[in-house]
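Everything numeric here is computed off the predicted structure, so don't read it as measured data. Proteins come first, then strands; the chains are lettered A, B, ... in the order of their sequence lines, and each starts at number 1.
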There are 2 protein chains.
Amino acid sequence: MKIDPDSTVDLSAQIAKAIRDAIIAGDLIVDQRLPSEAELADHFDVSRPTVREALKRLAAQSLIRTQRGATGGAFVNRLRFEDAYAQQVTTSTLLLSMNAVSFDVACEARYALERACAPLSAERRTPDHLATMRAEIHRQEQPGLTDEAFCASDVTFHRALVDGAGNKVLSYQLAGAVEAMQPLMNMITFTARSREEIVALHTDIADAVEAQDATRIDALLVKLEAYTRHLAHSVVAARQSRKDKEKTA
Amino acid sequence: MKIDPDSTVDLSAQIAKAIRDAIIAGDLIVDQRLPSEAELADHFDVSRPTVREALKRLAAQSLIRTQRGATGGAFVNRLRFEDAYAQQVTTSTLLLSMNAVSFDVACEARYALERACAPLSAERRTPDHLATMRAEIHRQEQPGLTDEAFCASDVTFHRALVDGAGNKVLSYQLAGAVEAMQPLMNMITFTARSREEIVALHTDIADAVEAQDATRIDALLVKLEAYTRHLAHSVVAARQSRKDKEKTA
DNA sequence: GACATTAAAATGTAAGACAAATGAAAATTG
DNA sequence: CAATTTTCATTTGTCTTACATTTTAATGTC
């Protein structure tokens, strides 16, 4: 592991890259302890604060964890799915919120991915997944539910569908797409009528999943996507007309 | 933005979280300049190195960028797709390399996702995408190609297929799945026979994409997935038998 | 042998200093 | 006056030193 002191790049960034590459290459294996900050500083010929900045960069990516005390230090972290989830959701949420992505594009991606795991879910879903879906449908039928709670329940429902595929990589990839859309979905005011419509579709989907009818799940997801986009467009249109009104007034 | 000095959590982690939350909540908008390190240190009542560690954490997630000089400072970064790609690939690669995921699971996820965008790609692919696919097929036919180069070309080919869907979110999601598998694929020795087989399937896929035949693309991807898994299993089996031999010897 | 004490090692944090980059204002020059 | 150069203040990048805190291990005591 070497760095170039003459480079214009931050030393801490270079050191972080060197260590990261070592981890990816397998030169540093899971749970292995890195040299102490003092030793690293000595090795790279930099000061301890610089080394620390590098380590914090790696910690931010969940690549290492640190422990204080005599036998403490920095250890290569076994990247868990929940950590990967969290990062994925943060990144996806930011991509969307910074308006680099339109609602339609995000929505299309989400349902395309979801439909990808529908056949697998039809095949492998357990009673647990079905129970979660039914429970969320029941929750969504409660009249007093806020829009936020309705959306959260929606996310849980779809997560159950995705998890039913029994493929952790798929679940992890989809977590970003589904959860990242929640803030956007929260902007939609769900009328009693639209909730009824969505719950009906959810019920049909749950039935199809129970019946292991992949083709039907796919068709229902297409309908749900169309309806979701329709709702979103209504919201945008309503907002636009309100703006126009303000302009003329 | 406040932190709890009595918490057991690192101050730098708390500060990073506070700023990150402010960005996600929209309190800090794109290209907005953060207070200088000295001002932040003053605000949070910590030292400058601690603030710097927090900022480096955010920089590692591409949430901010820093500039030196008089009008420099830390600025909220517009998260670009390429940055998100890079993180996604790193994370996915690590998830796989740390053996939390089997080859089969990763492969299944990859092809499920790829099939998800096949219909969209059939509809929207441009001549550019087709040209890339043809070029990579041509490259893959060269006999002198190393296994690594063959795999890299394979990734480019599939990326073109995915990009053909014209949905940046899909491309971004799939980049992780496809590229993360490359190290695993690199372990496979592609015989002349297997390369021939793969190139034939790639050619068929390119033809189907050109003909905008979504059903056929799907069927071909299923075949390609089955063949890929078959190859991987052969490698594992060969390695196992070699190990057994060593054991008896 | 059990328990309290101490020491050592490591990270976490602070404070101050200087280097280097950078842009803006001020001074100089044609 | 305009163009150019110089100066200078600001800000990040880095180093040094020091101390606080946490944790384990060794040591000593009963």
Side-chain angles (χ1 to χ4, degrees), chain A residues 1-20 23 28 30-77, chain B residues 1-20 23 28 30-77:
Chain A
M1 293 197 294
K2 277 176 188 169
I3 60 172
D4 174 19
D6 298 328
S7 166
T8 56
V9 182
D10 289 2
L11 291 177
S12 67
Q14 288 186 58
I15 294 170
K17 183 178 183 337
I19 299 177
R20 180 164 40 238
I23 293 175
L28 294 169
V30 168
D31 290 333
Q32 186 174 339
R33 184 182 173 280
L34 271 63
S36 72
E37 294 176 354
E39 287 169 325
L40 284 172
D42 204 52
H43 172 68
F44 288 113
D45 202 28
V46 298
S47 69
R48 194 156 83 89
T50 302
V51 167
R52 281 182 62 79
E53 285 177 13
L55 294 179
K56 295 313 161 200
R57 294 178 117 109
L58 298 175
Q61 297 182 304
S62 304
L63 265 75
I64 61 167
R65 60 179 186 277
T66 55
Q67 239 176 357
R68 296 173 71 161
T71 58
F75 297 84
V76 178
N77 208 14
Chain B
M1 292 198 296
K2 276 176 190 170
I3 59 171
D4 174 18
D6 298 328
S7 166
T8 56
V9 182
D10 288 3
L11 291 176
S12 67
Q14 289 185 59
I15 294 170
K17 183 179 184 334
I19 299 176
R20 179 164 40 237
I23 294 175
L28 295 168
V30 169
D31 291 333
Q32 187 174 338
R33 183 181 174 280
L34 271 64
S36 72
E37 294 175 354
E39 287 169 326
L40 285 172
D42 204 54
H43 172 70
F44 288 113
D45 201 31
V46 298
S47 68
R48 195 158 83 93
T50 302
V51 167
R52 281 183 61 80
E53 285 177 13
L55 293 180
K56 295 312 159 201
R57 294 178 117 110
L58 298 174
Q61 296 181 304
S62 305
L63 264 74
I64 61 167
R65 61 177 184 278
T66 54
Q67 235 176 358
R68 297 172 73 162
T71 57
F75 297 83
V76 177
N77 207 14

Exercise for the section: Would you confirm whether B:Gln32, through its side chain, and B:Phe75, through its main-chain N or O, come within 3.5 Å as a donor-acceptor pair? Expected result: no
Handout entry: Side chain A:Glu39, main chain A:Ser36, donor-acceptor under 3.5 Å
Key = yes
[N], OP1 or OP2 - any side-chain N/O from [X] closer than 4.0 Å?
X	N	answer
A:Arg52	C:dG12	yes
A:Thr71	D:dT24	no
A:Ser12	D:dG13	no
B:Thr50	C:dA14	yes

Between [X] ([atom1]) and [N] ([atom2]), how many Å, whole number?
X	N	atom1	atom2	result
B:Asp42	D:dT11	CG	P	13 Å
B:Glu53	C:dT13	CD	C1'	8 Å
B:Leu11	C:dG12	CG	P	11 Å
A:Leu34	C:dA9	CG	P	20 Å
B:Glu37	C:dA14	CD	P	14 Å
A:Phe75	C:dA9	CZ	P	16 Å
B:Asp10	D:dA20	CG	C1'	14 Å
A:Arg48	D:dA18	CZ	C1'	10 Å

Handout entry: Earlier contact from the 5' end, DNA chain C, for A:Ala74 and B:Ala70
Key = A:Ala74
Exercise for the section: Could you tell me whether the side chain of B:Arg68 has a donor or acceptor atom within less than 3.5 Å of a complementary atom in the base of C:dG23? Expected result: no
Exercise for the section: Side chain of A:Thr66 only, please: which of C:dA14, C:dT11, D:dG13 is the nearest? Expected result: C:dT11
Exercise for the section: Ignoring the backbone of A:Ser36, work out which of D:dT12, C:dA10, C:dA14 is nearest its side chain. Expected result: C:dA10
Practice task
For the pair A:Asp45 and A:Lys2, find out whether any cationic side-chain nitrogen is under 4.0 Å from an anionic carboxylate oxygen.
Solution key: no
Practice task
Using a strict 4.0 Å threshold on nitrogen-to-oxygen distance, state whether B:Asp10 and A:Arg68 make a salt bridge.
Solution key: no
Exercise for the section: Determine the contact category for B:Arg33: base if any of its heavy atoms lies under 4.0 Å from a base atom, sugar-phosphate if only primed atoms, P, OP1 or OP2 are that close, otherwise nothing. Expected result: sugar-phosphate
Completion exercise
Nearest-nucleotide check on DNA chain D, B:Leu55 vs B:Pro49; residue mapping nearer the 5' end is B:Leu55
Problem - Student check: side-chain heavy atoms of A:Val76 and A:Leu63 closer than 4.5 Å - result: no
